[in-house]
Structure formats: structure tokens, C-alpha cells
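I have placed the structure first, in the form of C-alpha cells, so that the comments after it can refer back to it.
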Amino acid sequence: MGVAEVIFFLTSIFFVLKVCIAFPGMNDLDITSNEKLPTFVTPGQTYRIATGSTVVLPCRITDPGSFVLVWKRGIAVLTAGPVKVTPDPRVRLLPSPAGTSTLPGIPGLAGGGYSLELKDVRPQDAGDYVCQIGTMEPREITHTLEILVPPRIHFVSHMGPLEVVQGSTVKLECRASGNPVPTVAWTRKNNVLPSGERSVNGLSLVIQHADRHSAGQYQCSADNGVGQPDSRHITLNVRYAPEVEAERATVHTGIGLEAHLVCIVHAEPPPQVLWFKDTTQLGTTEQHAAQSRGNRYTLVIRNVTDVDFGNYSCVASNTHGKARGHLMLTGTAGLAVFDSPSLGHEKEFYNISWSVNSHAAVTEYELFFRQRYLHRSHHIHDNGTIMNRNDRWNSVVVTAQGITNPLLPAPPPFPGVTRQKMSYVIRGLQPATTYEARVQAKNVHGWNKVSPIFHFTTRTNEIENMVEPSAQPAVYGVSQQGISPYSNHGSHNPISTRIVLITLIIVLVSF
Ligand SMILES: *[C@@H]1O[C@H](CO)[C@@H](O)[C@H](O)[C@H]1NC(C)=O
Ligand SMILES: *[C@@H]1O[C@H](CO)[C@@H](O)[C@H](O)[C@H]1NC(C)=O
Ligand SMILES: *[C@@H]1O[C@H](CO)[C@@H](O)[C@H](O)[C@H]1NC(C)=O
Ligand SMILES: *[C@@H]1O[C@H](CO)[C@@H](O)[C@H](O)[C@H]1NC(C)=O
């Protein structure tokens with residue numbers, strides 16, 4: 001016997017065995033009758049159907065003969081043979097077309113049976129549906145119907161807006177039904193949740209220590225993948241004591257100008273805001289007007305005069321408390337800003353320049369500079385004595401040019417402060433050395449605050465050293481694979497050749 005014959009023989013045995021195991025009924029002949037007993041072509045299954053849709057439960061049999069096919073649900077008979085028993089108008093019988101069996105390789109079996117159609121399914125329709133054939137020992141298959149129900153939120157802890165006092169713990173709840181059981185997720189409109197997360201799953205959302213940042217609109221949304229998610233909104237209002245912040249703690253102005261002092265106030269319920277100069281409460285006069293828009297509370301001082309300079313405060317209060325913001329109105333210049341390059345063009349001198357905003361003309365500046373030491377505190381000499389480095393500031397008084405023509409006050413209501421520029425050449429510096437500088441400006445109202453520190457470095461001796469020396473020679477050209485000017489033309493890099501060889505060997509060995 002050839003190999004082909006053996007294989008054919010074994011395959012045949014295997015196929016016959018397989019068919020017999022899969023369809024035992026085929027050999028199960030009723031001893032008392034010559035009639036072949038029907039068997040089910042369609043196996044019992046689970047159907048997952050959304051509410052409102054139509055389902056067809058199949059029951060297809062071979063050799064229907066004269067046996068009666070019955071559809072049952074529990075003990076209730078829905079259909080018997082071709083007759084519909086149940087009065088439910090949603091139920092319909094669909095005869096399975098007779099003809100060829102769907103069994104592979106077994107043609108010619110007479111088929112039959114009835115499928116059960118159920119329209120507009122409802123959650124109550126869930127359960128087992130039995131297709132039974134009235135043989136002596138009844139045979140049956142069971143279909144299980146699961147009804148998928150879209151999510152529906154049926155409980156929300158707070159219907160109207162929820163009012164709480166600052167510091168409270170708030171629990172928002174949403175309960176939802178549906179099949180499968182929906183997931184409830186919490187989000188917040190135009191914001192992240194107080195925890196910082198964008199979304200949190202759970203039936204409830206707990207907000208600890210509610211404050212003004214937790215106020216807003218929250219949303220719970222139930223989703224189970226069936227139909228559209230369902231969602232509800234809860235508005236949370238938090239009542240809290242005022243929080244006050246001066247928009248600018250120091251307001252620079254000038255004689256004859258209109259000055260605006262602004263406090264940003266957060267409070268719920270809305271606060272009452274009063275203005276004070278030192279300890280005197282300010283009423284609305286020709287000179288003063290209190291205004292508010294949203295969170296901004298403004299004291300307008302018209303036509304500023306000398307007596308208006310000084311310390312002001314805004315006091316905000318509501319039923320939960322009181323808070324105060326401090327502001328200073330001054331005619332002195334604002335902080336100076338340096339604008340010269342941090343790397344100087346010269347070795348021994350440096351042209352330092354800066355500008356200030358001042359309404360009144362600046363009459364003089366005091367410029368401070370000193371060499372910068374990284375470790376300023378102490379310096380240990382070779383002989384062991386610890387000495388303070390010379391960290392005293394050098395100072396120069398720079399008389400402002402053009403003060404013979406004092407700047408004219410800008411007409412109200414513009415806070416007409418002017419930018420005034422100045423420069424000074426510092427001489428006697430060391431090359432390639434970093435210095436630090438500060439400057440202060442004086443006008444008719446006095447000295448302003450000293451500016452923050454500015455660093456500058458003088459030029460090195462050798463112009464070549466101006467460029468950062470790099471450890472590796474630069475590679476020119478766009479492509480990394482391009483031939484570098486340092487490579488030996490005509491010979492390849494031995495290391496890359498070796499890598500190619502090793503790779504080749506690995507590829508060959510792996511085959
Ligand atoms: C501002 O006040 C000064 C002095 O009180 C007065 O001379 C001037 O007319 C006032 N200007 C305006 C615009 O009210
Ligand atoms: C304003 O208050 C500051 C401190 O907040 C104080 O140093 C300054 O002397 C006060 N100015 C006046 C005019 O009271
Ligand atoms: C210093 O710099 C300023 C502005 O950057 C310039 O107006 C001025 O002429 C310079 N002074 C000298 C001496 O170069
Ligand atoms: C140590 O050296 C410093 C700087 O050279 C000098 O000023 C100081 O007098 C020396 N001290 C002693 C004890 O020699």
C-alpha cells in the first residue's frame with residue numbers, strides 16, 4: 001500500500017468519527033419505528049439584543065417527519081406546529097425552508113422546522129426559549145435571550161444647584177440602570193475635577209474641603225455601550241470668605257494723572273468692598289470713585305496731587321469673613337531694566353544701559369557694580385587666613401541728561417508714565433570678567449527701589465577664544481553619512497566594516 005492510500009484511509013476514518021461525534025443523533029434510530037428521528041441543525045445559543053429591536057430564534061431540523069415542533073418559554077407554549085398559540089402580536093412563526101441540509105458533505109437530507117420571530121423586544125422578554133420536538137422522548141434546544149438596555153440615570157443626589165460653605169465635604173451621587181450594568185463617570189464642565197483628573201469612575205464623587213476652585217458644573221454620565229450614554233448635571237455653589245489680591249501692589253503715577261488702584265476679589269456671596277487711605281475710609285468724591293466689574297474692584301483717583309501718594313487698602317467683606325489688600329501709590333520711578341548686551345565688546349570698559357518708567361523726569365541715577373564671585377562669602381588665602389573678599393559695591397552717581405526740559409504730564413485719564421533711557425561707560429574693568437550691576441533712579445518724588453541684579457562680562461584678550469572651544473572637531477555638511485573633512489578619503493571606517501561583517505555572519509548563522 002502506497003503512502004497516499006494510507007493517508008486517504010486514515011483521513012476517511014477520521015472524518016467519519018468526527019461526524020459521528022458531532023452529530024450523535026444520526027445513529028440514534030428509534031427502535032420502535034422505522035421513521036428516522038429528527039435532529040437539530042441549529043444549536044442552542046445566547047442572543048444579546050437591544051430593546052426595541054427584532055430577534056429571530058432559529059430552530060431548523062432534519063427529517064421533520066410528522067413530529068410536532070413546539071416553541072416554549074418556561075411552561076408557556078408559544079407555538080405548536082404551524083399554529084401560533086400565544087396572543088402576543090409581536091410573536092411570529094417563520095417556517096424554515098425545506099431542502100438541503102447545511103451539514104457539510106451530507107447532502108440531500110430533508111430539512112424543516114420553524115424559527116420564532118420576536119419584534120420590539122422588551123427587558124421582560126429576557127430568558128430561555130425552548131424549541132422542542134414531540135418525539136417519544138422529547139428533544140429540544142434552548143436559546144437564551146439577553147436584552148441589552150441602554151443606560152438610564154434614575155437617581156441624582158442633587159436636582160437643583162447645591163450650595164455649600166467653604167471647607168465642607170460634598171458627595172455627589174448618580175445611580176443608573178441598564179444591561180449590562182453601566183459605568184458612571186464624573187467630569188466637570190470646562191475644567192478638571194478638584195482632584196486634577198479629567199474623569200473619575202464611580203457612583204459618587206466626593207469633594208473634600210470645597211473651596212471657590214471646586215465650584216462649578218459637574219456631570220455624571222452613564223454608559224454601557226448600548227445606545228447613547230445618559231448624563232445629568234449638578235451645579236455646585238461654594239460660599240466662602242473674600243480672597244483679596246492687589247493687581248499691582250505698587251502703582252506708579254504722576255501729578256495731574258488719573259491713577260487706578262485695582263483689587264481682585266473673590267467672594268461668594270458677592271462682597272462689599274471699601275477703600276481706605278491709611279486708616280481713613282474714602283467716600284465717593286470728585287477726587288475718588290470706587291468702581292467694580294466682575295472680580296475687579298477699582299479705586300479711581302482723578303488728578304493725582306502730592307497728598308494722594310501713600311498707602312491704600314481695599315477691604316472686602318461678606319457673611320463668611322473679611323480680607324484686605326494693600327497697595328501703594330507712588331510718584332517714584334518703576335524698577336529699572338537693563339538693556340545692554342550681557343557680553344561686552346571691550347576688554348576694559350563696558351557701556352551699560354537701562355531704562356525706567358517714570359512720569360516725573362528722573363534727575364539722577366545711582367549705579368552699583370562689582371565683580372561677581374561664585375562663592376562670595378569667604379576666601380581662604382594661601383597663608384591660611386580667612387578674609388572677606390572685596391564684595392562692596394562700587395557706586396557712581398549718573399546725572400540724567402535732558403532734565404532741563406522736565407517731561408510734561410500726560411492729560412488724564414491716561415496714566416502717562418514715560419520711558420526714560422540712560423547709559424554709562426564703566427571703565428577700569430578686567431578682561432573676561434563677569435560683573436554684576438544694579439541701578440536706582442531719583443525723581444522729584446524720591447528714590448525708587450533698587451533694580452534686580454544684572455550680569456555682564458567683558459571681552460577676552462584673544463578674539464579666537466570668544467568662540468566656545470569644542471572638544472570634538474565640528475562635522476560640516478548636512479548629512480551625517482557625508483564624508484567628513486577629517487576622514488581619510490578612499491578608505492572606509494574599519495569599525496563600521498566590522499559591524500557589517502558581524503551582522504552578515506549573524507544573519508547567515510540564524511538561517
Ligand atoms: C488738577 O488739580 C490741580 C490742582 O488742584 C488743578 O489746578 C487742575 O486744574 C486740576 N486738573 C483737572 C483736570 O482737574
Ligand atoms: C506704606 O507701607 C509701607 C509698608 O507696607 C511702609 O514702609 C511705608 O512707610 C508706608 N508709607 C506711608 C506713606 O505710610
Ligand atoms: C552706550 O549705549 C547707548 C545705548 O545703547 C548709546 O546710546 C550710547 O551712545 C553708548 N555710549 C557710548 C559711549 O558708546
Ligand atoms: C595673608 O595673606 C593676605 C593676603 O595676601 C595678607 O593680607 C595677610 O596679611 C596675610 N596674613 C598673614 C598672617 O600673613
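Heavy-atom basis, side chains included; hydrogens, waters and symmetry copies ignored.
A distance-only check finds no donor-acceptor pair linking the side chain of T79 to the backbone of V85 [under 3.5 Å]. Side-chain N or O atoms of H143 include one that pairs as donor or acceptor with a backbone N or O of P58 at under 3.5 Å. Side chain of N318 to main chain of P269: a donor-acceptor pair is present (N/O by atom type, distance under 3.5 Å, no hydrogens or angles). Listed for the W186 side chain is no donor-acceptor partner under 3.5 Å among the backbone atoms of R198. No side-chain donor-acceptor contact under 3.5 Å links S292 to the backbone of Y297. A donor-acceptor pair under 3.5 Å links the side-chain atoms of K84 to the main chain of V91, judged by distance alone. Here the side chain of T298 pairs no donor or acceptor atom with the backbone of V300 at under 3.5 angstrom. Within the 3.5 Å criterion, the main-chain N or O of G331 finds no donor-acceptor partner in the side chain of T253. Using modelled atom types, one side-chain atom of D230 and one backbone atom of I153 make a donor-acceptor pair closer than 3.5 Å. In this structure, N448 contributes its side chain and A441 its backbone to a donor-acceptor pair below 3.5 Å.
Checked for salt-bridge contact, E137 and R139 miss the test: no charged N lies under 4.0 Å from a carboxylate O.
The distance from the CG atom of D125 to the NZ atom of K119 is 13.5 Å, given to the nearest 0.5 Å. To the nearest 0.5 Å, the span separating SG on C220 from CG on L205 amounts to 10.0 Å. A distance of 10.5 Å separates CZ of R248 from CD1 of I264, quoted to the nearest 0.5 Å. To the nearest 0.5 angstrom, T135 atom OG1 is 10.0 Å from E140 atom CD. Separating the CG atom in L118 from the CG atom in L145 is a distance of 6.5 Å, to the nearest 0.5 Å. Between the SG atom in C59 and the CG atom in L93 there is a gap of 10.5 Å [rounded to 0.5 Å].
In terms of heavy-atom proximity, T284 sits nearest to A290 at OG1-N, 4.3 Å. The two atoms that bring Y114 and P95 nearest to each other are CD2-CA, 3.6 Å, heavy atoms only. Of all heavy-atom pairs spanning P123 and V149, the tightest one is CG-CG2, 4.0 Å. Minimum heavy-atom separation, V68 to A80: CG1-C, 4.2 Å. Contact detail for V262 and L327: the closest heavy-atom pair is O-CD2, 3.6 Å. When all heavy atoms of T42 and I141 are compared, the pair lying nearest together is O-CD1, 3.3 Å.
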Audit row: T434, T457, side-chain hydrogen bond (donor to acceptor under 3.5 Å, both in side chains) steps and yes/no: CA-CA 4 Å; T434 298; T457 305; 3.0 Å; yes
Residues E243, R212; criterion salt bridge (Lys or Arg N to Asp or Glu O under 4.0 Å); working and verdict: CA-CA 10 Å; E243 294 170 22; R212 73 178 170 92; 2.7 Å; yes
Step-by-step side chain to side chain contact (heavy atoms under 4.5 Å, CB included) determination, L261 to W275: CA-CA 10 Å; L261 301 176; W275 287 93; 4.1 Å; yes
Evaluation steps, side chain to side chain contact (heavy atoms under 4.5 Å, CB included), between L116 and Y129: CA-CA 9 Å; L116 187 73; Y129 290 78; 4.0 Å; yes
Residue pair E146, R48: steps toward the salt bridge (Lys or Arg N to Asp or Glu O under 4.0 Å) verdict: CA-CA 5 Å; E146 278 181 20; R48 291 186 181 84; 3.1 Å; yes
Full working for side chain to side chain contact (heavy atoms under 4.5 Å, CB included) between I61 and L69: CA-CA 9 Å; I61 54 173; L69 184 150; 4.3 Å; yes
Check against side chain to side chain contact (heavy atoms under 4.5 Å, CB included), H266 and Y240: CA-CA 9 Å; H266 294 280; Y240 56 95; 3.6 Å; yes
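E163 and N237 are linked by a side-chain donor-acceptor pair at a separation below 3.5 angstrom, with hydrogens and angles left out of the test. Side chain to side chain, D223 and T183 fail the donor-acceptor criterion of an N or O pair below 3.5 Å. A donor-acceptor contact closer than 3.5 angstrom links the side chains of D308 and Q287. Judged purely by distance below 3.5 Å, without hydrogens or angles, the side chains of S221 and Q219 never pair a donor atom with an acceptor atom. Side-chain contact annotation: T62 with T39, donor-acceptor N/O pair under 3.5 Å present.
C131 has its side chain out of reach of L57: every pair of non-hydrogen atoms, C-beta onward, lies at least 4.5 Å apart. Side-chain atoms of R90 and R122, non-hydrogen and from C-beta on, do get closer than 4.5 Å to each other. Using a 4.5 Å cut-off on side-chain heavy atoms (C-beta onward), K72 and Q132 make contact. When side chains are defined from C-beta on, I207 counts as touching L236, because their heavy atoms get closer than 4.5 Å. In this structure, the side chains of V450 and V439 stay at 4.5 Å or more apart for every pair of heavy atoms. Taking 4.5 Å as the limit, every side-chain heavy atom of V337 sits out of range of all side-chain heavy atoms of S451. Residues C314 and V244 have side chains in contact (heavy-atom distance under 4.5 Å, counting atoms from C-beta outward). Residues C174 and F155 have side chains not in contact (no heavy-atom distance under 4.5 Å, counting atoms from C-beta outward).
R324 forms a cation-pi arrangement with F276, by the criterion of a distance under 6.0 Å to the ring centre and an angle within 45° of the ring axis.
Of the residues listed (Q208, R188, H213), the one engaging P194 in a side-chain contact (heavy atoms from CB on, under 4.5 Å) is R188, and it is the only one.
The aromatic rings of Y312 and H288 lie perpendicular to each other, with more than 60° between the two planes, well past the 30° mark.
In the displayed structure, E245 atom CD is contacted under 6.0 Å by at most 12 heavy atoms of other residues, nucleotides or ligands. Residue-environment remark: CD (Q281) exceeds the threshold of 12 foreign heavy atoms within 6.0 Å.
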